[in-house]
Every structure is written in structure tokens, then in C-alpha cells.
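To start, the structure under review is shown below, and the notes come after it.
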Amino acid sequence: MKLTGTRRLRTDRLVLRRLTLDDAQQMYDNWASDPVVTQFLSWPAHSSVDVSRTILASWVDSYDDPGTFNWGIELIADGTLIGQTSVGEKDLRTGLVNVGYAIGRRWWGKGYGTEVLVALMDYLFDVVEVNKVEASHDPANVASGRVMEKAGMVTEGLRRACYLSGSTIRDQLYHGMLRSEWEGRQC
Ligand SMILES: CC(C)(COP(=O)(O)OP(=O)(O)OC[C@H]1O[C@@H](n2cnc3c(N)ncnc32)[C@H](O)[C@@H]1OP(=O)(O)O)[C@@H](O)C(=O)NCCC(=O)NCCS
């Protein structure tokens, strides 16, 4: 795996770019303050823009590390920041990375989630040279599972009682794409 860091990526409708402190208000307004967005995430909705700013500050610092892969999702059409996507866990020995994403509710159902995941996998396989991209979702989070399916991932199985949603311990359904499967799609 090559630790190439958070490079600017472009799709038909989106730019994936590094986040800055100036993004705090949009992060808060557009997705991070919404409890519906965070319903199936391991972090609670932000209670103020200061929370968003503090998290952004730690993310901005982390860009010095080439092992950081963490993008803001921006609409090319009008420059609005609509969400965030990142690599969470990574295993350098097996070349496995786990990815996650969140998009503001106003922009759901327009294909942006799938566009992000496909772009992320293309970068991770092509440039970072990972062996496998994995993602997981709460089984009740049907939209997220659909994004993984539409992006071409294979459903692998249910990991029981492995994450906290608020104070409830819940399952995660795992999906993944192997390098060989991604290469097969390029032909
Ligand atoms: C998951 C998320 C990124 C999806 O983003 P999106 O831009 O709406 O995704 P897409 O438009 O590419 O695809 C969503 C798909 O889910 C489907 N869908 C949405 N809600 C659904 C539901 N309740 N039942 C069945 N299908 C549903 C949509 O119809 C669409 O599928 P289609 O294209 O076949 O019609 C977005 O909902 C989100 O950010 N949620 C909150 C954060 C989150 O849960 N992140 C993932 C953690 S694992």
C-alpha cells in the first residue's frame, strides 16, 4: 500500500478535497448537526459549530500524515460542501482499508453517495494500490447498503454486536471489493 494521502479527486458532479477550518459552518449546517444523518453513525450530531470546528482542526493537522485519507465532498455546480468521506481502519500488511461516508439529507437519493464510493475505490486501488476496500453499515441503514451494492461491492456477512449507536449495541453488515474484482470491472 502506498500512503499517498488525501489528493484532490474529481467525478462528473463532485470534487473530493481536503477540508479546512473555513468549512466549519457548512459542515455543521449541511450534515453534522442532523441527528437523522448520524442515526447509524458512531458519533453524535454536533451540538454547535464549535464542535465541528474542533473536529476540523484535528483533521487539518492530520493531513501532514500521508496515511490520512479524508475528503470533503463538494458539488461542482455551486461549490456547496455536502458531506465527508474517509478511510477509517487500514491494515498495511494485507492492504485492506475500510471506508465510510456521510452526506447531508438535502442531497440524498441523487446518486452522490454511489459516485463518491466509486471514486474512492478507483483512487484506492489505482493510486494507493490497496488489495481490498471494505465498508459496513447498520442493517437498518438500507440506503448505505444500497450504495455499496450499486458501487459493485460483494456482501460478505454480518458482524454482530460490534458498534454503539447512541447507547445501543448494534450489528454491522460488511461488504467489500477485492483488487481482482476491481480490475475485472476496468475491462
Ligand atoms: C448512505 C448515504 C451516503 C447515501 O447517499 P445517497 O447520495 O442518497 O446515495 P445514492 O443516491 O447513491 O443511493 C441511495 C440508494 O438507496 C436507496 N434508498 C434510500 N433509502 C432507502 C430505503 N429506506 N429503502 C430502500 N432503498 C433506499 C435509494 O433509492 C438509492 O438506490 P437507487 O439508486 O437504486 O434508487 C446517505 O444516506 C447518508 O449520508 N446517510 C447518513 C450517513 C450514513 O448513514 N453513512 C453511512 C454509514 S455506513
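Ligands are counted one by one from 1 in listed order, and the atoms in each one are counted from 1 as well.
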Original post:
Crowded around R10 CZ? As in, over 12 foreign heavy atoms under 6.0 Å?
Top reply: no
**OP:** Might you confirm whether atom NZ of K150 has over 12 heavy atoms from other residues, nucleotides or ligands at distances under 6.0 Å?
**Re:** yes
Subject >> Option nearest atom 16 (O) of ligand 1 (shortest heavy-atom distance, choices E149, H137, R146) >> reply: R146
**OP:** May I ask whether G145 places a heavy atom under 4.0 Å from ligand 1?
**Re:** no
**OP:** Identify, by atom number and element, the atoms of ligand 1 in contact range of K110, meaning under 4.0 Å from any of its heavy atoms.
**Re:** 11 (O)
Subject >> Protein heavy-atom partner closest to atom 8 (O) of ligand 1 - residue, atom, separation in Å >> reply: G109 N, 2.7 Å
Original post:
Once you round to the nearest 0.5 Å, how far does OG1 of T11 lie from CD1 of I73?
Top reply: 9.5 Å
Subject >> Check: S136 side chain, Q172 main-chain N or O, donor-acceptor pair, under 3.5 Å >> reply: no
Subject >> CD on E115 to CG on L16, rounded to 0.5 Å >> reply: 9.0 Å
Original post:
In the protein, which heavy atom is nearest to atom 38 (C) of ligand 1, and how far is it?
Top reply: W108 NE1, 3.4 Å
Original post:
Got the closest protein heavy atom to atom 25 (C) of ligand 1, with its distance?
Top reply: V142 CG1, 3.3 Å
Original post:
Heavy atom of F40 under 4.0 Å from ligand 1?
Top reply: no
Subject >> Heavy atom of the protein closest to atom 44 (O) of ligand 1 (residue, atom name, distance) >> reply: N141 ND2, 2.7 Å
Subject >> 4.0 Å protein heavy-atom contact status of atom 10 (P) of ligand 1, strictly under >> reply: yes
Original post:
So, does G111 sit close enough to ligand 1 that a heavy atom of it is under 4.0 Å from the ligand?
Top reply: yes
Original post:
Has ligand 1 got any nitrogen or oxygen that is less than 3.5 angstrom from a nitrogen or oxygen of I103?
Top reply: yes
Original post:
Y101 to ligand 1: N or O pair under 3.5 Å?
Top reply: yes
Subject >> Flag, side chain of N30 to backbone of L81, donor-acceptor distance under 3.5 Å >> reply: yes
**OP:** Describe, in one word, how the ring planes of F125 and W182 are oriented to each other, choosing from parallel (under 30°), tilted (30 to 60°) and perpendicular (over 60°).
**Re:** parallel
**OP:** Please say whether more than 12 non-hydrogen atoms of neighbouring residues, nucleotides or ligands are located less than 6.0 Å from CZ in R13.
**Re:** yes
Original post:
What is the closest protein heavy atom to atom 41 (C) of ligand 1, and at what distance does it sit?
Top reply: V37 O, 3.2 Å
Subject >> atom 35 (O) of ligand 1 within contact range, any protein heavy atom under 4.0 Å >> reply: no
Original post:
Going by the order shown, which atoms of ligand 1 are within less than 4.0 Å of some heavy atom of L41?
Top reply: 43 (C), 45 (N), 47 (C)
Subject >> Contacting atoms of ligand 1, where contact means under 4.0 angstrom from a heavy atom of S136 >> reply: 48 (S)
Subject >> Residue T114 vicinity, atoms of ligand 1 by number, heavy atom under 4.0 Å >> reply: 10 (P), 12 (O), 13 (O)
Original post:
What protein heavy atom sits nearest atom 33 (O) of ligand 1, and how far away is it?
Top reply: K150 NZ, 2.6 Å
Original post:
For the side chain of Y101 and the backbone of S144, is there at least one donor-acceptor N/O pair under 3.5 Å apart?
Top reply: yes
Subject >> Heavy-atom neighbours of I169 CD1 exceed 12 at 6.0 Å >> reply: no
Subject >> Residue-ligand contact Q39/ligand 1, heavy atom below 4.0 Å >> reply: no
Subject >> Expected output: side-chain R18 to main-chain T6 donor-acceptor under 3.5 Å >> reply: yes
Original post:
Which protein non-hydrogen atom lies closest to atom 4 (C) of ligand 1, naming both residue and atom, and how far is it?
Top reply: V147 CG2, 3.7 Å
Subject >> ligand 1 to V36 polar contact by distance, N or O atoms, under 3.5 Å >> reply: no
Original post:
Considering all protein heavy atoms, does one lie under 4.0 Å from atom 19 (C) of ligand 1?
Top reply: yes
Original post:
Looking only at atom types and distance, does a side-chain atom of D61 sit under 3.5 Å from a main-chain N or O of S58, one as donor and one as acceptor?
Top reply: no
**OP:** Would you mind finding which of A140, G113, S144, G83 brings a heavy atom closest to atom 5 (O) of ligand 1?
**Re:** G113
Original post:
Is the shortest side-chain N to carboxylate O distance from E183 to R179 below 4.0 Å?
Top reply: yes
Original post:
Would you say the side chain of Y63 lies within less than 4.5 Å of the side chain of N70, judging by non-hydrogen atoms?
Top reply: yes
